[in-house]
There are 2 protein chains.
Amino acid sequence: MPVGLEVDDMKKLDEVVATRRQVKQGQMLFSNGDAFTSLYAIRTGFFKTCIANEDGREQVTGFQMAGEIIGLDGIVTDQHSCNAVALEDAEVCVMPFSNVEELSREFPVLQRHVHKVMSREIVRENGMMMMLGNMRAEERLAAFLLNLVQRLHARGFSQSEMILRMTREEIGSYLGLKLETISRTFSKLSDDGIIEVKQRYVKILAPDELKKIFNPQSCQTCI
Amino acid sequence: MPVGLEVDDMKKLDEVVATRRQVKQGQMLFSNGDAFTSLYAIRTGFFKTCIANEDGREQVTGFQMAGEIIGLDGIVTDQHSCNAVALEDAEVCVMPFSNVEELSREFPVLQRHVHKVMSREIVRENGMMMMLGNMRAEERLAAFLLNLVQRLHARGFSQSEMILRMTREEIGSYLGLKLETISRTFSKLSDDGIIEVKQRYVKILAPDELKKIFNPQSCQTCI
DNA sequence: AAAAGTCCTTGATATAAATCAAATGATTAG
DNA sequence: CTAATCATTTGATTTATATCAAGGACTTTT
């Protein structure tokens, strides 16, 4: 994944991702309390990570798709502190963390890459704190849809259409809202002609309007 | 900071933290957009990190005290994405990140330490998402106070008393609440005899009651 | 094809926290 | 020492979202 490596070096790096693992829809890649041994690079499929309170309340902490890394939560205590659930059949590369660390010492470019992956996750979660602490339901959903479609587009999919892999309840949990609020907000955006929604299918009809909801200042067409 | 090093190794590590920097109360150690060059280990003082929306809304993303590391947000883009503001006169060790990376390659124990620091921050932010997404005002403030006093106690301070370094507004921003709600919740906890509050001074009178509010299940004395 | 189970939508009502407002208490500047 | 500013508390009211409830749509099972 990191660039700037020689062919021979690449072979060494391949060792780190030698083994793969299939995860069926609904199954867990790892769960809270599991011993931490490896990071996982998602090859195909779609995951959610979530944590649960003692009194049963659940918080989805992220949705991850192909090319993204999960498992970073386990490093600090050598135990995972969240559950990683496949929302569709998935395949991951298992990257034993001791290998990752060993090769990071050998290849500065890999080391830098690992650091960036972790920093990116910290910055993402900072943004989530802003969402959860300051934004209204419509803003949260707009930001969520824009982020999702942008990540899908970066993987070669449409920049306006998508099939959601998660339920309204899971979106709600991620955004700190109840499923009814998610549903109502979808309906509102649909009534306003900004998106088209049919169950899990979402089409963004007016991306600039959506951006304006998320962030009134930064809209391209309304300056 | 990491353990398991020889004396000679320690000297090398000292190089990484050779320079120090004073930050006066109210001043910024770094701010959004600044080039990222270094991590900072807080020697003395107290910081907040915060991000600001384009439309002026501010989210405090963390409070940091002696022994903690700030600046990890800058790694991913080589630019800082938040502001770090000293809430009291502070001194930090400047750790040029290139040195940190270089020495990490040489000393696996340091490498592991850096990874744990980053993972800890990810896990902390996961917990904040749970707070902001699922908990009521009283639970958030209880969790906040317990966390703060626990960190202070780990540094040799009282396990029941503390002087807050931040305003009600900053606590509110961190917890996704308005300052009036923080004030009312302080008053409620005080009326219930769980804490004593006099402006910035807080004394925890009934720690188990506070834990029960934060997490009804995990209380020691109520099983 | 019918039944059962999810998931989703929508309406009516309740509620926690926000907002607006004013007074009080602390801290800083002159 | 006094004025001025800033931080905090408290009350009254509003509001966004949660909760409760019911029906509808889609999916899976039999």
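Residue numbers begin at 1 in each chain, while the letters A, B, ... track the order of the sequences. For the numbers below, each heavy atom of this structure counts, side chains included, while hydrogens, waters and symmetry mates do not.
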For atom [atom1] of [X] and atom [atom2] of [N], their distance in whole Å:
{"X": "A:Arg168", "N": "D:dG24", "atom1": "CZ", "atom2": "P", "answer": "19 Å"}
{"X": "B:Lys188", "N": "D:dT10", "atom1": "NZ", "atom2": "C1'", "answer": "16 Å"}
{"X": "A:Ile171", "N": "C:dC8", "atom1": "CD1", "atom2": "P", "answer": "8 Å"}
{"X": "B:Ile163", "N": "C:dA26", "atom1": "CD1", "atom2": "C1'", "answer": "14 Å"}
{"X": "B:Leu179", "N": "C:dA21", "atom1": "CG", "atom2": "C1'", "answer": "13 Å"}
{"X": "B:Lys178", "N": "D:dA7", "atom1": "NZ", "atom2": "P", "answer": "16 Å"}
{"X": "B:Arg140", "N": "C:dA16", "atom1": "CZ", "atom2": "P", "answer": "13 Å"}
{"X": "B:Arg200", "N": "D:dT9", "atom1": "CZ", "atom2": "P", "answer": "10 Å"}

Inset, instruction - Apply side-chain hydrogen bond (donor to acceptor under 3.5 Å, both in side chains) to the pair B:Gln59 and A:Asn134, showing each step before the final yes or no. - result: CA-CA 7 Å; B:Gln59 175 71 38; A:Asn134 280 294; 2.9 Å; yes

Inset, instruction - Kindly determine whether B:Ile194 and B:Ile213 satisfy side-chain contact (heavy atoms from CB on, under 4.5 Å), including the steps that lead there. - result: CA-CA 10 Å; B:Ile194 295 170; B:Ile213 289 170; 3.7 Å; yes

Inset, instruction - Answer whether the closest heavy-atom distance between the side chains of B:Ser38 and B:Phe30 falls below 4.5 Å. - result: no

Legend entry - Short side-chain donor-acceptor distance under 3.5 Å, B:Thr49 and B:Gln64: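 There is such a pair (donor and acceptor under 3.5 Å, judged by atom type) between the side chains of B:Gln64 and B:Thr49.
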
